[in-house]
Amino acid sequence: MQSWIPFIPESASTVSGQVDALYFYLVGVTIFFTVLISGVLIFFVIRYRRRVAFEIPRPVAGSIKLESLWTVIPFIIAMSMFVWGASVYFAQYSIPKDALEVYVVGKQWMWKVQHTTGQREINELHVPVGRKIKLVMTTEDVIHSFFIPAFRVKSDVVPGRYTYIWFEATKPGRYHLFCAEYCGTNHSGMTGSIVVMEPNDYDDWLSGNANLESPVAAGQRLFTETLGCASCHKEDGSGGRGPSLMGLLGSEVRLEGGRTVTADESYIRESILNPRAQIVAGLKRIMPKIQGQVSEEQLLQLISYIKSLSPGKSSGIETTAPARSNNPSPGPEALGTGPADEQRMNPIGATPPGSASPAGAATTPASPAGNSNRPR
Ligand code: CUA
């Protein structure tokens, strides 16, 4: 549904009204001064035109009053834009603590979504209306940009780090999702939908896709079995060669050389992939690099497991409690993100660059494939 003003997409989130108001203010001020200045210009050109050849104009002396006026008024206008713009910016980019967390991984040319409850989607994101949603986003390859015009939110996803946006949808419906950063041949086809549902419908949707392994459980399996992290990082920190990761998320970590950093998702990510980049004070350089052994989605699973070891410091989501399991190591194929599985949940993934894939292919609702991908 289009808004009543042409060129303005529908407004369907708690911040979209604020963004529009600021936008109209900027446009209004611009139109006002464009009309004023051109009007005065035309008027003066006619009024003070040269009427007699060799006419010498009267000298003009400066006027402090006039100069102060045209300095102070534009200053106030410019500052009003700054203060208003900054307040909208902070409202939009400070992530609320009680938001429902969803992981997003961009990839040429699709959006892969993973819910903390285990549901996965491709090019679709189901969310409940009236609930704050926080997206933790990254990309497998190049820079993409996650853009929901109706919510007025957009954020680049950047290789090697996490970016965050949040929104609270105010109206149920289906809204466009675009990639807003040129990312290769099928950039224009890298679209999808945000499906905003009434809470009851959302619960139905969740339960219709239940019995999936949550990212926390998948991360724990990677941690204890596949990658064997748990042989050094014991849960209680006893006898392990590595530190306990209990309560790590959000804590201050002292590094070699005296620097301290906050252990956020990006810090944990780097410590997994390249542990020697930031050595914690007092520890030896013995942890092997994991780089190349885990996919971006597996990294998000590991991080959500490590987050689940810091109860209270997570972002308020109810994560499934880590389930003890003594199964033999399932191998990467069974983890849901191994190559075979990836292919199954990825209807357009094998499209080589430059091949003639119809642009519509990327918008094919992929939830059935995405949701039934659990191999066991
Ligand atoms: Cu992804 Cu453009």
Side-chain angles (χ1 to χ4, degrees), residues 99-105 112-120 134-138 140 161-162 164 210-238 240-251 253 262-275 278 280 287-338 341 373-376:
L100 186 71
E101 208 162 277
V102 179
Y103 301 125
V104 175
V105 177
K112 297 194 279 188
V113 172
Q114 190 171 180
H115 294 258
T116 49
T117 36
Q119 290 79 6
R120 288 156 174 261
K134 169 190 179 185
L135 304 181
V136 179
M137 307 191 295
T138 188
E140 266 175 38
R161 53 178 284 191
Y162 294 111
Y164 310 90
N211 302 324
L212 296 162
E213 190 177 36
S214 72
V216 173
Q220 190 193 24
R221 204 143 50 75
L222 279 167
F223 192 87
T224 53
E225 294 165 16
T226 317
L227 297 169
C229 314
S231 64
C232 291
H233 297 280
K234 306 270 189 222
E235 258 183 29
D236 53 1
S238 66
R241 280 162 288 177
S244 161
L245 303 179
M246 286 292 209
L248 173 66
L249 184 86
S251 61
V253 180
T262 305
D264 58 4
E265 282 104 343
S266 292
Y267 168 81
I268 296 175
R269 180 183 198 283
E270 183 169 29
S271 299
I272 294 169
L273 290 179
N274 186 12
Q278 294 176 307
V280 174
M287 177 169 157
K289 280 189 184 181
I290 310 289
Q291 204 135 32
Q293 297 181 42
V294 284
S295 70
E296 288 298 336
E297 281 162 289
Q298 288 173 321
L299 269 170
L300 280 167
Q301 292 165 352
L302 275 172
I303 289 171
S304 58
Y305 169 64
I306 291 170
K307 275 179 172 177
S308 75
L309 302 176
S310 309
K313 285 178 179 170
S314 70
S315 36
I317 36 149
E318 284 189 21
T319 44
T320 317
R324 277 262 151 255
S325 83
N326 297 311
N327 297 343
S329 174
E333 289 75 31
L335 286 167
T337 44
D341 201 40
N373 69 321
R374 298 262 37 105
R376 350 178 258 147

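All figures in this text were calculated on a predicted structure; none of them were measured in a lab.
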Novice: Run the numbers on Tyr164 and Val136 for side-chain contact (heavy atoms from CB on, under 4.5 Å), then give the verdict.
Specialist: CA-CA 5 Å; Tyr164 310 90; Val136 179; 3.9 Å; yes
Novice: Among Met137, Glu140, Gln114, exactly one meets side-chain contact (heavy atoms from CB on, under 4.5 Å) together with Val105. Which residue is that?
Specialist: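 With Val105 as partner, side-chain contact (heavy atoms from CB on, under 4.5 Å) holds for just one option, Glu140.
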Novice: Give, for atom CG of Leu100 and atom NZ of Lys134, the distance between the pair rounded to the nearest 0.5 Å.
Specialist: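 If I round to the nearest 0.5 Å, the distance is 11.0 Å.
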Novice: So which heavy atom on His115 is nearest to which on Val102, and how close?
Specialist: ND1-CG2, 4.1 Å
Novice: Kindly compute the distance separating CD (Gln298) from OH (Tyr305), expressed to the nearest 0.5 Å.
Specialist: 16.0 Å
Novice: Would you check if Leu299 and Tyr103 make a side-chain contact, meaning some heavy-atom pair closer than 4.5 Å?
Specialist: no
